[in-house]
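In this text the structure is predicted, and so the values were computed from the model without any measurement.
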Amino acid sequence: MPSQPESLAELFRSLDLTLTIRAHKEEEEAWACLITRPDGRTYEIEMVSFFDVDPESGEEWAVEPTPTRVLSVLAGTDVESEDEDDEGAAEETAAEIRAFLGDESYDLLLELDEGSFG
């Protein structure tokens, strides 16, 4: 019996997900990400940016998406809705991600993400 994933990278591999990235057309240093399950179902992140920060200087620079970074975004559900009055955007997005990953995998994602930054 396979052991439970202990990192976001292991979770990504265990779910046999595929990540396709492309530069965002309108925003420099932004990406569009498409996550695909083995059954062909997809989840799209329309625009996201990632930055690394030098802990000593505080200087930051843009970096490309990785499976771990993208899963962390899914766990955070830090969503900006195009409709400023849409207060339920984060909850709706979390429900979509839960449906995409499945309850058990989504709960594990939240646990692993919290542990990687906690």
Side-chain angles (χ1 to χ4, degrees):
M1 176 177 209
S3 63
Q4 179 172 315
E6 295 182 6
S7 69
L8 292 175
E10 288 178 13
L11 177 61
F12 192 91
R13 283 190 301 273
S14 74
L15 295 173
D16 200 22
L17 299 173
T18 303
L19 174 63
T20 305
I21 62 171
R22 64 175 163 60
H24 193 272
K25 295 176 184 176
E26 298 171 13
E27 293 289 328
E28 192 172 319
E29 300 181 344
W31 301 91
C33 301
L34 184 68
I35 305 163
T36 307
R37 295 186 337 190
D39 65 3
R41 189 165 170 203
T42 62
Y43 184 84
E44 182 178 12
I45 301 172
E46 293 178 14
M47 184 175 68
V48 64
S49 296
F50 298 95
F51 297 91
D52 274 347
V53 178
D54 182 318
E56 293 179 15
S57 69
E59 180 183 349
E60 64 179 37
W61 59 93
V63 294
E64 290 188 15
T66 64
T68 301
R69 289 180 178 130
V70 171
L71 281 182
S72 189
V73 166
L74 295 183
T77 62
D78 187 13
V79 177
E80 291 182 21
S81 175
E82 292 180 15
D83 180 1
E84 293 178 16
D85 295 329
D86 188 2
E87 296 176 13
E91 291 82 9
E92 184 178 318
T93 300
E96 290 171 5
I97 295 166
R98 180 179 289 279
F100 177 73
L101 295 177
D103 289 336
E104 186 177 315
S105 295
Y106 182 75
D107 291 341
L108 182 56
L109 168 64
L110 297 180
E111 180 183 319
L112 292 171
D113 186 65
E114 184 176 302
S116 68
F117 296 101

A.B. asks: What's the shortest heavy-atom distance between E46 and H24, and which atoms?
C.D. replies: O-CD2, 3.3 Å
A.B. asks: Tell me which donor-acceptor pairs under 3.5 Å the side chains of residues 53-60 have, and how far apart each pair is, sequence neighbours excluded?
C.D. replies:
{"residue": "D54", "atom": "OD1", "partner": "E56", "partner atom": "N", "Å": "2.7"}
{"residue": "D54", "atom": "OD1", "partner": "S57", "partner atom": "N", "Å": "3.2"}
{"residue": "S57", "atom": "OG", "partner": "E59", "partner atom": "N", "Å": "3.1"}

A.B. asks: Would you please test L112 and L71 for side-chain contact (heavy atoms from CB on, under 4.5 Å) and show each step?
C.D. replies: CA-CA 10 Å; L112 292 171; L71 281 182; over 6 Å; no
A.B. asks: So do F50 and V73 actually touch side chain to side chain, heavy atoms under 4.5 Å?
C.D. replies: yes
A.B. asks: What salt bridge (Lys or Arg N to Asp or Glu O under 4.0 Å) pairs are there with at least one residue in residues 94-103, not counting sequence neighbours?
C.D. replies: R98-D103, R98-D107
A.B. asks: Answer yes or no: is there a side-chain heavy-atom contact under 4.5 Å between S72 and L8?
C.D. replies: yes
A.B. asks: Could you give me the CA-CA distance, side-chain angles and deciding distance for L108 and L11, then say whether side-chain contact (heavy atoms from CB on, under 4.5 Å) is met?
C.D. replies: CA-CA 8 Å; L108 182 56; L11 177 61; 3.9 Å; yes
A.B. asks: Who passes ring-ring contact (aromatic ring centres under 6.0 Å, His included) against Y43, sequence neighbours left out?
C.D. replies: F100
A.B. asks: Minimum heavy-atom separation for A75 to L110, with atom names?
C.D. replies: O-CD2, 3.5 Å
A.B. asks: Distance check, rounded to the nearest 0.5 Å: D113 atom CG versus E111 atom CD?
C.D. replies: 11.0 Å
A.B. asks: Mind checking whether L19 and L34 have side chains closer than 4.5 Å, heavy atoms only?
C.D. replies: no
A.B. asks: With sequence neighbours left out, write down each residue that passes salt bridge (Lys or Arg N to Asp or Glu O under 4.0 Å) with R22, or none if nothing qualifies.
C.D. replies: E44
A.B. asks: Using the side-chain contact (heavy atoms from CB on, under 4.5 Å) definition, which of the options L74, T42, I97 pairs with I35?
C.D. replies: L74
A.B. asks: What residues form a side-chain hydrogen bond (donor to acceptor under 3.5 Å, both in side chains) with R69, not counting sequence neighbours?
C.D. replies: D52
A.B. asks: Treating Ile, Leu, Val, Met, Phe, Trp and Tyr as nodes and any side-chain heavy-atom pair under 4.5 angstrom as an edge, say whether V63 and V70 lie in one connected cluster.
C.D. replies: yes
A.B. asks: With side chain to side chain donor-acceptor pair (under 3.5 Å) as the rule and sequence neighbours excluded, what pairs involving residues 27-39 come up?
C.D. replies: R37-D39
A.B. asks: For Y106 and A94, work out which heavy atoms get closest and say how close.
C.D. replies: OH-CB, 3.5 Å
A.B. asks: Quick test of your reading: applying side chain to side chain donor-acceptor pair (under 3.5 Å), list the pairs with at least one residue in residues 10-19, sequence neighbours left out, ordered by first then second residue.
C.D. replies: none
A.B. asks: Just verifying a value: how many Å separate L101 CG and R41 CZ, rounded to the nearest 0.5 Å?
C.D. replies: 9.0 Å
A.B. asks: Would you mind reporting whether C33 and T20 have side-chain heavy atoms less than 4.5 Å apart?
C.D. replies: no
